[in-house]
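What follows is a short report on a single structure.
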Amino acid sequence: MSCIDLHSHSTVSDGSLAPADLIRHAAQQGVKVLALTDHDDVAGLSAARTAAQSVGISLIAGAEISVTWRDRTLHIVGLKIDPHYPEMQQGLRAIRDGRVGRAAKIAEALAQSGIDGSLEGAYGFVRENIISRTHFACFLVSRGYAGNMKNVFKKFLVKGRPGYVPHRWAALADVVRWIKDSGGRAVLAHPGRYGLGGTTLRQLLEEFRALGGDALEVVSGSHTPEMTQRFAGLAAEYGFLASCGSDYHGPDRGYGEIGRIPPLPPGCAPVWHDWPEAAVLAVSAA
Ligand code: AMP
Ligand code: MN
Ligand code: MN
Ligand code: MN
C-alpha cells in the first residue's frame, strides 16, 4: 500500500467518480499525495484542489496525454504541470476535438457490424467533456454485447475488432514540450502495456530521454511484478526517475483500488524526490 498515487481518473475523462468524490475516496483509502491525471483534459483540477485542501491531500496537477509514436498509441503523464499554460491548453483542446471525429467513426464501424445507436449511447455515459472508448464500452456492456469492461474491449474495441478505428493523436515531441514548458515532469505511463519488443522499446526510451522525458511509471496498476522489475532496471539504466500510479478509474471500471500499489523497487529514484508536496511522505514514514 502506497501513500502516493500519481495516476488517476475522474468523470472529466473516463473515470466514474467526480473530481471531488475521487479526492474524498482517496483520502479514505489513506492516500496522502494524489495526482489527478485525466485523459487530455485538466478541467477537473480546480474542483480537485478545493476538495484536496479540505481533506488534507496534497494534489499534484496532472494530465495523461494521448500520443501517436510510430503508428502506436502511447500515454504520457504530465505531473506538476501548469494547467493554464496556453500551449498545453491549445494542444489538449485539439486532442479532444480529434476524439469527437474518432467517436463518429467508431460508431460507423460498429453500425457496419450491426450495432446501431452507439454514438448517442456512448455520449449518454459521458459526464463532462471527453468521449473515449470507455464510454463506448459502457454502452456496449449496458446493451449486453459483453459481460464486463475487460471483455467488451477484447471483443469490440481493440485493433482488429469491429469498433476499432485508427487515430492520430499528438506527437511525442509536442507533448513532452507542453509538459516541460509548463513546468512539469513528463512520465511514460504504464510502459509494460504497449507490447513493445526490446529493440523498439529501447528506441522509444532513447527518444523520450532525448526529448526531455523525466520518468517511467515503474509501478502501475496494470503492471505485473515482472514488468515492475524490468522497468525499474530500465529506469536505472537510462537515468529516468520512477513514478507510481494505480490508474484508478472508479469502483466499477475494472481497475485496481486507488493507492493500492506496491512501493517502488529499491534503487529507483522517485520522481517526487524534490517535491515539497511529497514532504508529508517522509514525515509519515518516520
Ligand atoms: P481512448 O483513449 O478513448 O482510446 O480510451 C482508452 C481508455 O480505455 C483507457 O484509458 C482505458 O481506461 C480504457 N481501456 C483500454 N483498454 C482497456 C481494456 N482492455 N480493458 C478496460 N479498459 C480499457
Ligand atoms: Mn482511461
Ligand atoms: Mn493510459
Ligand atoms: Mn490512465
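When reading the values below, keep in mind they use all heavy atoms of this one structure, side chains included, and skip hydrogens, waters and symmetry mates. Index from 1, following the sequence. For ligands, and for the atoms within them, numbers begin at 1 and follow the listed sequence.
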Residue, atom and distance of the protein heavy atom nearest atom 11 (C) of ligand 1 read Tyr255 OH, 3.0 Å
Within the structure provided, determine whether Leu172 and Phe208 are in side-chain contact (heavy-atom separation under 4.5 Å). yes
Contact check: Asp247 to the Mn ion (ligand 3), N/O/S below 2.8 Å: no
Hey, quick one: are Leu157 and Tyr194 part of the same hydrophobic cluster, counting side-chain heavy atoms closer than 4.5 Å, chains of contacts allowed? no
Glu64, N/O/S atom nearest the Mn ion (ligand 3): OE2
Any heavy atom of His249 under 4.0 Å from ligand 1? The part involved is side chain
Quick one: does Trp169 get an N or O within less than 3.5 Å of an N or O on ligand 1? no
Quick one: which of Thr134, Asp41, Asp40, Asp38 gives a side chain to side chain donor-acceptor pair (under 3.5 Å) with Ser13? Asp38
Suppose I only count heavy atoms of Thr134 and a 4.0 Å limit; which atoms of ligand 1 are within that range? 7 (C), 8 (O), 12 (O), 13 (C)
Under a 3.5 Å distance rule, please check whether Asp214 uses its side chain to pair with a backbone N or O of Val187 as donor and acceptor. no
Arg253 versus Cys138, closest heavy-atom pair with distance: NH2-SG, 3.7 Å
Side-chain donor-acceptor contact under 3.5 Å, Gln90 with Trp178: no
Please name the atom of His75, restricted to N, O or S, that is closest to the Mn ion (ligand 3). ND1
State yes or no: are the ring centers of His167 and Trp169 separated by less than 6.0 Å? yes
Using only N, O or S atoms, tell me which atom of His190 is closest to the Mn ion (ligand 3). NE2
Does Glu64 have a heavy atom less than 4.0 Å from any atom of ligand 1? no
Within-cut-off N or O pair, His39 and ligand 1, under 3.5 Å: yes
When only distance counts, is His75 in polar contact with ligand 1, meaning an N/O pair under 3.5 Å? no
Contact check, side chains of His190 and Met227, non-hydrogen atoms, under 4.5 Å: no
What N, O or S atom of Asp14 is found closest to the Mn ion (ligand 2)? OD2
Does the shortest distance from the Mn ion (ligand 2) to an N/O/S atom of His9 fall below 2.8 Å? no
Could you establish whether Arg99 and ligand 1 come within less than 4.0 Å of each other, counting only heavy atoms on the residue side? yes
Heavy-atom side-chain proximity of Ser243 to Val218 below 4.5 angstrom: no
Scan side-chain atoms only and decide if Thr11 and Glu128 contain a donor-acceptor pair under the 3.5 Å cut-off. yes
shortest atom 22 (N) of ligand 1-to-protein heavy-atom contact is with Phe153 CE1, 3.2 Å
Which atom of His39 is nearest the Mn ion (ligand 2), counting N, O or S only? It is NE2
Evaluate salt bridge (Lys or Arg N to Asp or Glu O under 4.0 Å) for Lys32 paired with Glu277, printing each intermediate quantity in order. CA-CA 10 Å; Lys32 301 268 187 278; Glu277 297 89 337; over 6 Å; no
Distance under 4.0 Å to a non-hydrogen atom of Ser132: what atoms of ligand 1 satisfy this? 3 (O)
Basic-acidic side-chain contact under 4.0 Å: Arg168, Asp71: yes
Indicate, as side chain, backbone, both or neither, the part of Arg102 found under 4.0 angstrom from ligand 1 when only non-hydrogen atoms are considered. side chain
Near-ring test His223/Phe231, centroid separation under 6.0 angstrom: yes
Walk me through whether His25 and Glu257 qualify under side chain to side chain donor-acceptor pair (under 3.5 Å). CA-CA 10 Å; His25 178 67; Glu257 180 54 271; 2.7 Å; yes
Should the proximity of Asp14 to ligand 1, defined as any heavy atom under 4.0 Å, be assigned to the side chain, the backbone, both, or neither? side chain
Give yes if a backbone or side-chain nitrogen or oxygen of Arg133 is under 3.5 Å from a nitrogen or oxygen of ligand 1, and no if not. yes
Of all N, O or S atoms in His249, which has the smallest distance to the Mn ion (ligand 2)? NE2
Can you tell me if, anywhere in His7, an N/O/S atom lies at a distance from the Mn ion (ligand 3) that is smaller than 2.8 Å? no
Please check whether Arg193 reaches ligand 1 - meaning an N/O of the residue sits under 3.5 Å from an N/O of the ligand, judged on distance alone. no
